[in-house]
Amino acid sequence: MVAPKTDKYIPQKIETKWQKRWKEDELYRSVIDHDKPKHYALTMLPYPSGDLHMGHWYAMAPSDARARYMRMKGYNVLFPMGFDAFGLPAENAAIKRGIHPHKWTISNIENMRRQLRSMGAMFDWEREAISCLPGYYRWTQWFFLKLYEMGLAYRKKAAVDFCPKCNTTLAREQVWGEDRHCERCGTPVIKKELEQWFFKITDYAEEQLDFSQIDWPERVVTMQTNWIGKSVGTNVVFRSQQGDPIEVFTTRPDTLWGATFMVLAPEHPLVNKLTRPERREAVETYKRQAARQTEIERLAADKEKTGVFTGAYAVNPVNEERIPIWIADYVMMTYGTGAIMAVPAHDERDFAFARRYDLPIPVVIEPPDWDGEPLAEPYTGPGPMINSGPFTGTPGDKAVERVTEWLEERGIGEHAVNYRMRDWCISRQRYWGVPIPIVYCDKCGAVPVPYEDLPVLLPEDAEFLPTGESPLKNHDDFLHTTCPRCGGPAIRETDTMDTFVCSSWYHYAYLSPYYKEGETAHSDSMPFDPEEAKHWLPVDVYTGGIEHATMHLIYTRFFTKAMRDMGLVDFDEPMLTLRNQGIILGEDGEKMSKSRGNVISPDELVESYGADTVRAYLMFGWRWELGGAWDSQGIEGIPRFLNRVWSCVLEEPEDGTQKAEAAQDEVRALRREVHQSIKKATEDMEDFAFNTYIANMMELNNALLKAKETPLYGTPAWEEGVETLLLLLAPACPHIAEELWARTGRPYSIHQQSWPEWDEEIASEETFTLVVQVDGRLRDRLEVPVDIEEDEAKELALASDGAKRHTEGKDAVRLIYVPGRLVNIVTG
RNA sequence: GCCGGAGUGGCGGAACAGGCAAACGCGCACGACUCAAAAUCGUGUGAGGGCGACCUCGUGUGGGUUCGACUCCCACCUCCGGCACCA
């Protein structure tokens, strides 16, 4: 007899149907529920470039599955989505194609919103935040004013990194690679002396080194730690012969007696004053060269040390020795004090320099096994001090400490800490960004726009010029204003903010995107609904790419710490747990790109396979944190699996109704399998182990298909199995799970059901495979009861065929027994 | 150069408080169904040897610890990522 055929699994038919229903029913609104524990799941918001690509799906689909899992676990879950909508591409589109950035951005958002919906994710769209809308950026400006008040936003003239293609300055974090190129367009940056706005992230450098409150990947912690680049040392004051103090920073005060020259950065303010007339020409030439060199592409190929002598001398404060002062471009004005004491014997760079310019290289730290000969290479390790006046003989482990104390006592040095991290340059000479709320008045100088006047609106009717200059400069209505302080004529700041400012607080914006506490903001306004904040914050789980490790993730930590100091929040870290997904490459193993023609489009995949398949494949195909090359053959396994689930749940078995009674031990075996699956699925979800989570469901489905051919079909144990399978599947494949849930007469919606719980008793095994080893090698396997006694296990092992074969003629010297696992017979 | 991460079948990957290596899937081979193909289902699939029961080898390389090592320790190699004249 032929089983009645149910209709086929056609994902396209059921997916849009359920998406519509879920939307109508507001199934995914996240409303405060004080009866449940809260869970704020956040995934990095996209830039509205126009299309959702595989990278977005790879980041978001598994994150969505996990948020759904947490919801089923009984948490009150917030899982919002928005758009990081300011930025250069919009402006470039405007210049190239004459579309206004606003229009371009909004139409892209509409398309991407549609694409995001097709994923079937549980985003709460009522909370959508779009950073380029005045309702959002008013608060970005409000934060700027707050930071300004706190002294954390300041303006200064500095040599900043400038991208000649994007025509704007960049933050230090946005300059990448050895050739120092622009993070966006790849053009090597140049240095420009400009008045720019900075956020004083260095104020929190020390605190940002503390990761004790957060569970972040080791990789990110290391990258941030390196980026912040703390080094502990001593500031020591040398004096020029004319008496000018020259402060240097050193991590090795114990080498002070080996300083045989000083080096200043070419831009050091004292260079001019110190330079002797006969050396002036050489110094000026070198300075010009160095200045140009930072502008030219710095191909780091040869890092040969160069420099010139200023003609001036300094006095080493520890031994009154007269040492020459040089300038060299290997000393940076931007680190430490811009001047160093050079100890050639114990520093690589100083050594190379001294060799080149024939400067003395006295040894003051004794290298191990040193023969007293001049050094062939610098010794940079620790060691006992020698040739160091009163300190000669000080052991290496005490040297730094003792010298520092001594310097402090005599007032010539003090303990100092330096960080590699610089303040965050947030000024951008571009149109499509948040206007910096500052006005310049001839009389009053830089004056902040009053809170009540926010937002400073970005004018819509700007004229785009192909020069790349910000149209704000030529927009008279915007430019000319009155000074809020004296009422006189004034002009507005025309720079806009780095978009990373917008994204530094977007997870707060989601709390209340239409929050309008007084259409006019003021100093003590709250940028978000305090009640929502109290409930949801901080973010519990944050998912996204590693590429933000030293940009967004540094900035957003800074913001939260500053917000804490403003009294807005009462915690120190914005996101408690962070997980990074890897990158999905093209099938050729290369980065997906239009020019390579290896782009896999999620839209097309959804069309041919359905969203559930794409979601499940992205979870199953790779270790999430690693990613890898797309495999268009590999994905085929998923529709096969889902089809088997479909027929497993809906179709009658081939041979009709079962007549025989199911045996008790078969029932137990099936239930055991089911409960073990629940356990595994739960653990995998907790661990972000999405690939094994899917594999586990495949195993469960395979077990059910097998059981279906036995009298187990239709029993309560069978029903429990089917129900479990659907519930476990719901986070990964929400549509098919919902459809099968409904078709089997279960109450809408599966997404409002509880995550199943496993019974340890039912999940436990009655027997296990006892491995029999002889001298550590597998020789036999025995199926034995779990509660087997040690003696019995050993006896059985010794009596096994495999053991007998390999112990013949030998003595069993020792028996190793590992309960629940094995017996190892050790022979002589 | 410094700092991270990773090396397991043809492929993606499982397993690691030290205890059955390769779960799950892709691919491949054979078989069933079909006039045929696709789809589907079944069986097999690390390498070598043996008719076979079985045996030997096998988790980047070389050592070590251990009754026992993919897992721990030491030394290296390769790949990926980050930083890089930071005093």
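Per chain, numbering begins at 1; letters A, B, ... match sequence-line order.
Ring centroids of A/W622 and A/Y617 are separated by less than 6.0 Å, placing the two rings close together. Side-chain rings of A/F620 and A/F641 stay apart, their centers remaining 6.0 Å or farther from each other. Separation of the A/W326 and A/Y357 ring centroids falls under the 6.0 Å cut-off.
Here A/R644 lies in heavy-atom contact (under 4.0 Å) with sugar-phosphate atoms only.
For the OP1/OP2 pair of B/G25 and a distance below 4.0 Å, the side-chain nitrogens and oxygens of A/N702 include at least one atom meeting the criterion. Phosphate contact (OP1/OP2 of B/A69, side-chain N/O of A/R777, threshold under 4.0 Å): absent. In this model, the phosphate group of B/C20 is not approached by any side-chain N or O of A/R779 to a distance below 4.0 Å at OP1 or OP2.
Here, B/G81 and B/U65 have their P atoms 38 Å apart, quoted to the whole Å. Rounded to whole Å, the C1' atom of B/G18 lies 8 Å from the corresponding atom of B/C72. Rounded to whole Å, the C1' atom of B/G19 lies 12 Å from the corresponding atom of B/U66. Taking the P atom of each, B/G5 and B/C57 are spaced 34 Å apart, rounded to whole Å. Nucleotides B/C70 and B/C80 place their P atoms 27 Å apart, quoted to the nearest Å. B/U45 and B/C26 are spaced 13 Å apart, taking the C1' atom of each and rounding to whole Å. B/A75 sits 32 Å from B/A22 when the P atoms are compared, rounded to a whole Å. For B/C51 and B/G60, the P atoms lie 33 Å apart once the distance is rounded to whole Å.
The base of B/C20 lies close enough to the side chain of A/R781 for a donor and an acceptor atom to sit less than 3.5 Å apart. On a pure distance criterion of 3.5 Å, no polar donor-acceptor pair joins the side chain of A/N226 and the base of B/C83.
Remark: side-chain polar atoms of A/T255 are not paired, donor with acceptor, to backbone N or O of A/G258 under 3.5 angstrom.
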Checklist entry - Once each nucleotide of nucleotides 4-16 of chain B is scored for protein heavy atoms under 4.0 Å, what B/S/- sequence comes out, 5' to 3'? => result S-------BSS--
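Checking B/A87, B/G27, B/C55 against the side-chain heavy atoms of A/R640 singles out B/G27 as nearest. Of the candidate nucleotides B/U56, B/C85, B/A87, B/A87 has the atom lying nearest to any side-chain atom of A/V331.
Nearest-nucleotide positions on RNA chain B for A/N418 and A/T550 put A/T550 closer to the 5' end.
The side chain to side chain contact (heavy atoms under 4.5 Å, CB included) search around A/R349 returns A/K305, A/Y330, A/D347, not counting sequence neighbours.
In this structure, the side chains of A/H415 and A/V232 come closer than 4.5 Å at one or more pairs of heavy atoms. At least one side-chain heavy atom of A/V236 sits less than 4.5 Å from a side-chain heavy atom of A/L256.
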